[in-house]
Amino acid sequence: MRYGINFKGFCIFLSFLFTFLLFLAIASLFLIPNPLEVLNALKTEEMIYSLKLSIITSLVSMIFVMLLSVPIGYALSRYSFPGKSVVKSILDLPIAFPELVLGLALLLLFGQSFIGKFLEDFGIKIVFTKLGIIVAQFFTALPYAVRIIYSTFEEINPRYELVSRSLGYGEFETFFNVSLPLAKNGLFASTIITFARCMGTFGTVLILAGGSYMYTEILPITLYLNISYGNMEMAITSGILLIIISFIAILAFEKFEGHKR
Amino acid sequence: MRYGINFKGFCIFLSFLFTFLLFLAIASLFLIPNPLEVLNALKTEEMIYSLKLSIITSLVSMIFVMLLSVPIGYALSRYSFPGKSVVKSILDLPIAFPELVLGLALLLLFGQSFIGKFLEDFGIKIVFTKLGIIVAQFFTALPYAVRIIYSTFEEINPRYELVSRSLGYGEFETFFNVSLPLAKNGLFASTIITFARCMGTFGTVLILAGGSYMYTEILPITLYLNISYGNMEMAITSGILLIIISFIAILAFEKFEGHKR
Amino acid sequence: NESQSTSTKKPFEGKTITVLCGAGLMKPMNELIQNFENETGAKINVHYGGSSELFGVLATTGGDIFIPGAYKYTEDAMKKGIILNDTVKNITYHIPVIAVPEGNPKNIRSLEDLAKPNVKVVMGDPNACAIGKVAKKILEKNHLWENVSKNIVVKTPTVNQLLIYIATDQADAAIIWEDMVTWAESKGKVEVVEIPKDKDIIKTIPTAVTIYAKKDSNLEVAKAFNDYISSDKAKEIWKKWGFIPCK
Amino acid sequence: MNFLKIEDLSIDLGEFKLVDVNLEVKKRDYLTIIGPTGSGKSILLETIAGFYKPEKGRIYLEGEDITNLPPEKRNMSIVYQDYVLFPHKTVFDNIAYGLKKKIKDKEKIREEVTQITEVLKISHLLHRKPTTLSGGEQQRVALARALIVKPKLLLMDEPFSALDIKTKENLRKLVKKAISEYETTVLHVTHDFDDVWSLANKVVVMKNGKILQEGDVNEIFYKPSINFVADFVGTNVLDGEVIGKEDGLTKIKVGNCVLLSVDDGEGKVRLSIRPEDIIISNNPIETSARNEFRCKVEKINRMGNLVYLTLNVDGIMLRCILTPNALYSLNIKEEDIIYALIKATNVRIIAKNVEGECRS
Amino acid sequence: MNFLKIEDLSIDLGEFKLVDVNLEVKKRDYLTIIGPTGSGKSILLETIAGFYKPEKGRIYLEGEDITNLPPEKRNMSIVYQDYVLFPHKTVFDNIAYGLKKKIKDKEKIREEVTQITEVLKISHLLHRKPTTLSGGEQQRVALARALIVKPKLLLMDEPFSALDIKTKENLRKLVKKAISEYETTVLHVTHDFDDVWSLANKVVVMKNGKILQEGDVNEIFYKPSINFVADFVGTNVLDGEVIGKEDGLTKIKVGNCVLLSVDDGEGKVRLSIRPEDIIISNNPIETSARNEFRCKVEKINRMGNLVYLTLNVDGIMLRCILTPNALYSLNIKEEDIIYALIKATNVRIIAKNVEGECRS
Ligand SMILES: Nc1ncnc2c1ncn2[C@@H]1O[C@H](COP(=O)(O)OP(=O)(O)OP(=O)(O)O)[C@@H](O)[C@H]1O
Ligand SMILES: Nc1ncnc2c1ncn2[C@@H]1O[C@H](COP(=O)(O)OP(=O)(O)OP(=O)(O)O)[C@@H](O)[C@H]1O
Ligand code: MOO
Ligand SMILES: [Mg+2]
Ligand SMILES: [Mg+2]
């Protein structure tokens, strides 16, 4: 009995310890600025612009990431095709990139390359534009989502899918009606990670979208810009805003997840 | 039938499309520098130092992350305690931080705060040291690992654990013998993500450990420092090195995972 | 006191100070630090970074010596009262030049050429980084700001981006610090177009001791280091790495 | 002292409740738990094993209160209805799992596993992973895993349901041998009355989370205490009234007939007569069987290797079981008139002072 | 034309192989598949449903080659041994799932679900998630899900194994009714011979991935073609030699006895006699049954509501089944001498020209 309680206690203790450390670290950010100035900073046009742009681009990127990582994760888990483990490794790879490198790689891909030129002919400009923010966030977050969703699908017994198909549903419908809902936990995890990752993407966006004041300015860039301006209040405020928004979003997700079970 | 093939084809097509795009992006990085100079850059003392330090710190951080995220993920999934969804949200939160912000927060926590002083009294210095690299990587990667492992444990039927316990194994032993091996897929996913994330951590390390030449210099920092004084060859070389090492590590993991099933 | 009682023992043995230094100064700074350590026995922790990152670190948790990429940051820090004002010293000149991609496809020869149609110019954000502010002033001084503005495709918060964009052909020209492009130029990634002295605005890179040195009782070492890197002896090293030391 | 004692055990799972379960089991008892599907049998087992924490009530094992003891201290093994084999371990490791905790000698473990798997005929599967096994194979592996540790109390939830008759019979023999050898006490949930007849000395009938009746096998099958149990175990239930005594036997009037029973009773009573205890003949016979009735064969149903007759005794319907050979030698067809004989010892009074139906 | 035709079907799963399975099923056939555990019954069903791709062989449904058709085009429902209910859907949605694909009218769907769940007695569970259901409840939900779409071919893998006898009987009736109403053809894997007797018109016996025998119910149980099947279905198997004819019946010498059979044969033959077809009497009787033997009761085993006698007929051992009532009225004890009667129609020649044992 003692043994058991100790293990449980140990695990919960660790959870609280790290939550506490993180909380302290985050809280100390909140203590730097003067609350009044934070309020003022919040009201600036720049901050409002940046906040809006951050949320919108993150949501859009999140949607695209989820739309794409689900079929990719499914294909990697259910079908076998030559070169699969290389494909999996390449898809995982950008996780290991400092954002600067990923940004650079995307810049080369969508900049003056044939792909970039091709897209530009269709009026699609990625480099130094808002679209670039989304592309940057998308490529930064996609690998995480794919990896998580892949390993979730691996856990699902294919017999569920067979039953659905023998009841008349095609592969595609079965995927929607059965595989996807069964992957719920993994989808939640990857949605949370994707959204959070998109909110926090900095270096990739900076290189690909440029980081222009009040144009491609998302919260992490506001933060950096304001540090550069020597405007610490404003910088920390955008950091705090980022934290609060993310916290609310994540908490909402977590509550929603808790509800569904 | 056609329908089925289309869905399968569609999923596989998407996988290949994105693999191809990423591959192109990565490949174009390889085309920037002159191969001879890459070789020369590889042989410099700085590059070798940075490479070694990157691999060592990433491995150490990965081990610590896994050691901690497993009990934390387990506690979050198996036990209920007050404030659980807040704890979960706080643990997810750093994913949303630009590395710069996380670095600042950790700097505040381990720098001049009472915790920093307390640790320093024991001779443990984190700020601007190699230990700082590990701490930075650890806090950057931990949230991903916790989230993935948590959602993996959620999928495991607790009856397996009961059977193990009724066969005489305590909670702790059951965890090792049953819960952990059953969580294999999720553990793989989080190990890969953790290692890759540690390899790529830049901003957090830069702020907490400082980008000291040949001291706290890991590959992303080599890259940054060299761009800063215009040495593109050396910068890209460290990027390429980072990519190659990560690719080999991930491929090895993937192969190993494939083997185990 | 003790450290001076034995002549063989180096004066600052066992002391450690932290230097926050612009990443662009890395090469000469590494050499200088090595020399200083050998002479004095002090241990120098150097933390390279972009000027604004360094400023952020300094403002939140400190550091003993502050050497940003441009005087502006030292000025900001002085306003915050975290610099010992009497220790501020200029080390080297910081010279803006025009950088163009390899082969100079748009044939940029002068500042005026930046205003030609179809030239894509990337600029530092005048509010965000020192090079941006200087570039704007140079253009204003030459009455080109309005016309060049139309050609600016992006204003970047960091100077590194300018180099990256030029080196990867994303833009046709940028105004950037000369010392940043020496390496890239020698590798044929970019070409440099000098700005005539009369049209240019030359800046300086300063060093200063911070109030944190006082707090950590590292003042003595910090001051010694501060003096050392701006000394005549150090100037040779700065020159060696392509910088032009201040008189 | 009772080996296992359950006192007022209650559990609330929202839609379903276990209500005030009381149970006493002696050492070496073999208790089968029967009841319709969804009656709470599995939940009762899992609660005893320590999976659910009861809201109320206590569980004692050998006099010790184990209500709050963790599962690993209870010395019980559980065989699950859906096997719950460890998918990441080979069959060998699944079976050896519990043993490895107790003894360290690898040779000894291998020996014991080899022994039990040979008896269960699964020794050719030892290197396989459970996911590739057939239903019956998995069930035997689960059984081996539970038996090998020689638990004090063995909890089995329909352990033979996925097996063919031959294997089932063999396993019954094996379990019987094993438990008598190791002095194991067994709680066995089953839907197969053959399990009850061939293994159990005690039976518990559950419905809707309650224990309806508890007793030895004959009690349950011959003297079901309420209609539901009677119906469930398939006996004939008749309502009648005691009208006197005759030679020490109780005289009971049912409809227009009079039945004699060895059981005592008075007033309105309810009777149970098992269908396999009704003896059929073509002509009236003088025997020691005191109850003899002339009746009409209403219906003949062939079911497997048995024949079910529905007999009409002056308006009272009785179910009766025969083998095809008996049917043949009696040469009975539907609508025939035959004679049914019921021994007074087989007419059991299962309820006294009955008012109307006592459906549970 | 055959409704379902399987030709030379082979599958290799490494450790296990299905080898050259040939099977023909007519429309409205009810085929039960029996065989020891691990014989490949479930895999055969899953292959027909389209889960495994065969290595060799073809499957035809109504003349059309469906070997490469995806499962959703096959018009079959499968009821799994371990239910495989969708854990994320309520019971209602699980059942309505297949229907929703076919009809859009919500009212109609609700009606049909209500109807089938009332019959299956699971209408109180409609709003629940399957994870909280008992084994039997899950099984009925799985059954409802498969039945409601009225498939052309219904594949059931031990669909009643987790049910109590009462529920099982009710479900058999229901399935019988449903299939005759919808003209469904059924393949039903079972371990319960009662399923075979009460539902099937055809039986297939499998072992080690091969089909050993196929035929109608009586053929399998009365004329098992090889010893394994005989043993598996529990019949008596005797080896003898034809010594001539008498009144159109074949005279067979078994040991020291002579048996008469309606079947033709010559030379060495093997006979099957079902234990429930042996008629017992205390005294020799003159009947139409031409085989009468004096024998000794070696052993009496009570098993459930049946009694198994082992009879010694001049050294030949015969198993015989009685009900307790018959045992009582005959008043038989072990070691008694009795008379066994076997009709010539119940002595079946199951193999001709036998040399030694033909163990499969
Ligand atoms: N977690 C739960 N929440 C709500 N109801 C539950 C839960 N688990 C089980 N039940 C319900 O409790 C009842 C009893 O379940 P249990 O599994 O004990 O039945 P059982 O007697 O074993 O039946 P079977 O013979 O079919 O296995 C069932 O009606 C089931 O639906
Ligand atoms: N993926 C697989 N790889 C190897 N062997 C397998 C695989 N799946 C099943 N088997 C083996 O095939 C054999 C037949 O399995 P199947 O499930 O068809 O048996 P079954 O006849 O249904 O038995 P039961 O009556 O016990 O359910 C078993 O011995 C099983 O171990
Ligand atoms: O030297 Mo800086 O890097 O101007 O910002
Ligand atoms: Mg149950
Ligand atoms: Mg099976």
Side-chain angles (χ1 to χ4, degrees), chain B residues 66-67 69-71 73-75 77-82 84 145 148-192 253-261, chain D residues 42-43 45-53 61 66 69-90 93-103 109 129-132 138 141-157 187:
Chain B
M66 294 313 292
L67 282 181
S69 57
V70 167
Y74 190 75
S77 150
R78 282 293 183 275
Y79 309 121
S80 56
F81 45 84
K84 189 162 130 178
I148 296 166
I149 290 172
Y150 160 77
S151 75
T152 306
F153 280 127
E154 282 290 277
E155 291 294 332
I156 297 174
N157 187 344
R159 282 200 168 79
Y160 288 110
E161 288 161 7
L162 178 68
V163 168
S164 166
R165 294 187 62 187
S166 68
L167 287 172
Y169 290 83
E171 207 168 1
F172 185 65
E173 296 161 300
T174 292
F175 171 75
F176 265 98
N177 289 316
V178 177
S179 324
L180 215 48
L182 286 179
K184 198 187 58 189
N185 273 324
L187 291 178
F188 262 113
S190 55
T191 309
I192 290 179
F253 272 121
E254 294 284 0
K255 288 262 180 216
F256 182 59
E257 177 181 10
H259 230 72
K260 289 270 285 191
R261 331 205 80 237
Chain D
S42 301
I43 290 177
L45 279 203
E46 286 190 302
T47 310
I48 296 172
F51 192 69
Y52 293 107
K53 289 259 164 285
L61 189 72
I66 61 162
L69 222 54
E72 64 268 28
K73 303 276 181 222
R74 295 188 179 201
N75 229 319
M76 307 173 176
S77 295
I78 185 161
V79 179
Y80 265 107
Q81 202 168 356
D82 47 358
Y83 332 129
V84 193
L85 297 173
F86 303 127
H88 61 292
K89 289 185 188 287
T90 61
D93 289 335
N94 263 283
I95 297 173
Y97 188 68
L99 216 52
K100 278 183 183 158
K101 174 74 188 173
K102 300 194 173 157
I103 51 179
I109 292 175
K129 288 280 172 73
T131 34
T132 67
Q138 289 185 60
V141 175
L143 209 55
R145 182 176 64 179
L147 281 175
I148 204 168
V149 294
K150 297 169 193 160
K152 273 190 201 164
L153 183 62
L154 179 63
L155 306 170
M156 302 199 285
D157 199 349
L187 264 60

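Residue numbering restarts at 1 for every chain, and letters A, B, ... go by the order of the sequence lines. Worth saying up front: this structure is predicted, and the values here are computed from it rather than measured. These numbers come from the heavy atoms of this one structure, side chains and all, not from hydrogens, waters or symmetry mates.
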Tightest non-hydrogen contact, residues B:Gly168 and D:Glu72, listed as C-CB, 3.7 Å
Distance-only side-chain donor-acceptor flag, B:Glu161 / B:Ser179, under 3.5 Å: yes
Specify which of D:Lys102, D:Lys100, D:Arg74, D:Glu46 makes the most heavy-atom pairs with chain B at under 4.5 Å. D:Glu46
Checking side chain to side chain contact (heavy atoms under 4.5 Å, CB included) for the pair D:Met76/D:Leu187: CA distance, chi angles, key distance, verdict? CA-CA 10 Å; D:Met76 307 173 176; D:Leu187 264 60; over 6 Å; no
Let me know if B:Asn157 has heavy atoms under 4.5 Å from chain D in its side chain, its backbone, both or neither. neither
Parallel, tilted or perpendicular: which describes the rings of B:Tyr160 and D:Phe86, with under 30° parallel and over 60° perpendicular? tilted
Ranking D:Gly50, D:Ala49, D:Pro87, D:Ser77 by heavy-atom pairs under 4.5 Å to chain B gives rank one to D:Pro87
Check each atom of D:Leu85 against the heavy atoms of chain B and say whether the ones under 4.5 Å are side chain, backbone, both or neither. backbone
Given B:Phe176 and B:Tyr169, is the ring-ring contact (aromatic ring centres under 6.0 Å, His included) satisfied, shown in steps? CA-CA 10 Å; B:Phe176 265 98; B:Tyr169 290 83; over 10 Å; no
May I ask you to name which of D:Ile78, D:Val79, D:Val84 has the most heavy-atom pairs under 4.5 Å with chain B? D:Val84
